[in-house]
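Data block below; observations after.
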Amino acid sequence: MAAREGYIIYIDMDSFFASCELLRHPDLKEKPFAVVTKSADKFRGVVQTANYSARKFSIHSGMPIMKALQLYPNLYCIKADHDYYEEISDEISDMLKSYGFEIEMVSIDEAAIDTTGLEESKVVEIAKDMKRKISDGLKLPCTIGIAKGKTFAKMACDSAKPNGFLFIKGDETLDFISYKRVSDIPGVGKKTEEKLANLNMYYIRDLKNANVQALVGLLGEYGSKIYNLSNGIDEEKIVSDWVTLSVGREKNLNEDTNDTSVIMAKLKELSNDTADMIRSTKKLYKSITVKVRYFDFNTKIKTKTLSYYTDSADVLYSEASELIKPLIKDNIMVRRVGVRVSTLMDSSHQQKLF
DNA sequence: CAATCGCTTCACT
DNA sequence: CTAACGAGTGAAGCGATTG
């Protein structure tokens, strides 16, 4: 079990959307507020990011707005402005790229940087420099974790939030993770945690001496991944040229309905948006998926793969409307519809449309 | 038997 | 502190199908 050679610097912005909003609404400082889904109907939205003052009232991302307002009735809600956050994210990534290391933008507000080849003291120095640039230059708070491995670095980062900095030396990795909960492993959510709890495994140290086969039986290949992690082996690679596998849009209807014309109108809107996205990334699609969520949250999808690649919005809409027909039923109200395209290809590859 | 397809599940912000 | 009825996006996984 060869340990990873190099350190990974993992940077995660603190309540990113909320911090971005503070840049242009400084008056909100200290006030509990939340960035919420920009949905037509506020009664159906959820909190996307709560600032730390709001988190004191147990408000967090994913929580229905209505619930958040119960917890703190004066909560100030701002509709998410993704274009704005994207611009700021680009500034951050440009700045980080200028150091010349291999870097992965893991999400709009997270980056992983591979410093393999650099001596230990230098790694910490550079990471501090990055934090200073984000804090002084961009006026945004962030947390940095450093460890031997992308997953471990992210975990270090998570446990140092907010506005933190944590360096885990290579030989301290096992000590660091052993007493953490299984749910502290990125990718282990509610369901996986539950399954592990059924085997009486709650902490990472419980995984360490577990039977690998049992874990694989329970979780598939992911089982062996977390087994390795629990033993200090983190083989996650930094992927700088991340390939998009699918793109789509989905949206709640203003109210539940089974009126075909209303659903088709929404489908057209979503198809156009999706086609716009695919064109803006200079890609072509071959597969089309439609999704319907009914009033009771039951969700069905239908997928069709074409015999050719295209970026046409019209093709998307007409195929999607055929796919969705069998999902619309007289007696079941529809709450939400979605369109997604996959099996993508660069349009520069110049293939023919047949 | 490997690649692709269609669909469900899961995680995150 | 549970559950909360909850938006939007995308990847992973898996069984069935196909060639």
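Source: prediction; values computed, not measured. Note on naming: letters A, B, ... go to the chains in the order of the sequence lines (proteins, then strands), and numbering restarts at 1 for each one. Just the heavy atoms: all of them, side chains too, but no hydrogens, waters or symmetry mates, feed the values below.
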Has [X] got a side-chain N or O lying under 4.0 Å from the OP1 or OP2 atom of [N]?
X       : N       : result
S246(A) : dA11(C) : yes
R340(A) : dT9(C)  : no
K291(A) : dT9(C)  : no
R249(A) : dG8(C)  : no
K190(A) : dA11(B) : no

Exam field: side chain Y85(A) to backbone D81(A), donor-acceptor pair closer than 3.5 Å: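 Pair found, side chain donor or acceptor close to backbone of D81(A).
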Donor-acceptor contact below 3.5 Å, side chain S347(A) vs main chain K282(A):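 Here the side-chain-to-backbone pair exists.
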Using a heavy-atom cut-off of under 4.0 Å over every strand shown, decide if [X] touches base, sugar-phosphate, or nothing.
X       : answer
G248(A) : sugar-phosphate
E194(A) : nothing
V47(A)  : nothing
K67(A)  : base
K225(A) : nothing

Side-chain donor-acceptor pair present, K133(A), Y99(A), cut-off under 3.5 Å: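 A pair is found: one side chain offers a donor N or O, the other an acceptor, under 3.5 Å apart.
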Between T143(A) and D12(A): side-chain donor-acceptor atoms closer than 3.5 Å: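 Judged by distance alone, the side chains do not pair up.
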When you get a sec, tell me which of [options] is the closest nucleotide to the side chain of [X]?
X       : options                   : value
H60(A)  : dA4(C), dT13(B), dA11(B)  : dA4(C)
P186(A) : dC12(B), dC10(B), dT13(B) : dC12(B)
K251(A) : dA11(C), dG8(C), dC12(B)  : dG8(C)
T192(A) : dA7(C), dT13(B), dC10(B)  : dC10(B)
L245(A) : dT13(B), dA11(C), dG8(C)  : dA11(C)
N252(A) : dC7(B), dA7(C), dT9(C)    : dA7(C)
I301(A) : dA4(C), dT13(B), dC7(B)   : dC7(B)
T305(A) : dT13(B), dC5(B), dC10(B)  : dC5(B)
T303(A) : dA11(C), dG6(B), dG8(C)   : dG6(B)

P64(A) or V247(A), whichever maps to the more 5' nucleotide of DNA chain C: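 Checking each residue's closest nucleotide, the 5'-ward one belongs to P64(A).
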Most 5' of R336(A) and T244(A) on DNA chain C, judged by nearest nucleotide: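 Comparing both residues, the 5'-ward one is R336(A).
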Whole angstrom is fine here: how far is it from [atom1] in [X] over to [atom2] in [N]?
X       : N       : atom1 : atom2 : answer
I59(A)  : dA4(C)  : CD1   : C1'   : 13 Å
E221(A) : dA12(C) : CD    : P     : 14 Å
E21(A)  : dT13(B) : CD    : C1'   : 15 Å
E110(A) : dA11(B) : CD    : C1'   : 12 Å
L71(A)  : dA3(C)  : CG    : P     : 15 Å
I226(A) : dA12(C) : CD1   : P     : 16 Å
Y222(A) : dC14(C) : OH    : P     : 13 Å
K286(A) : dC5(B)  : NZ    : C1'   : 10 Å

Aromatic ring pairing H82(A)/F17(A), orientation class (parallel under 30°, perpendicular over 60°, tilted between):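 Answer is perpendicular, since the angle exceeds 60°.
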R132(A)/D129(A) ion pair, N-O < 4.0 Å: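 Counted as a salt bridge, because a side-chain N and a carboxylate O are separated by less than 4.0 Å.
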Electrostatic pair K169(A)-E172(A), nearest N-O below 4.0 angstrom: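 Looking at E172(A) together with K169(A), the answer is no, because their closest N to O distance does not fall below 4.0 Å.
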Whole-Å P distance, dA11(B) and dA3(C):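 These two P atoms come out 16 Å apart once rounded.
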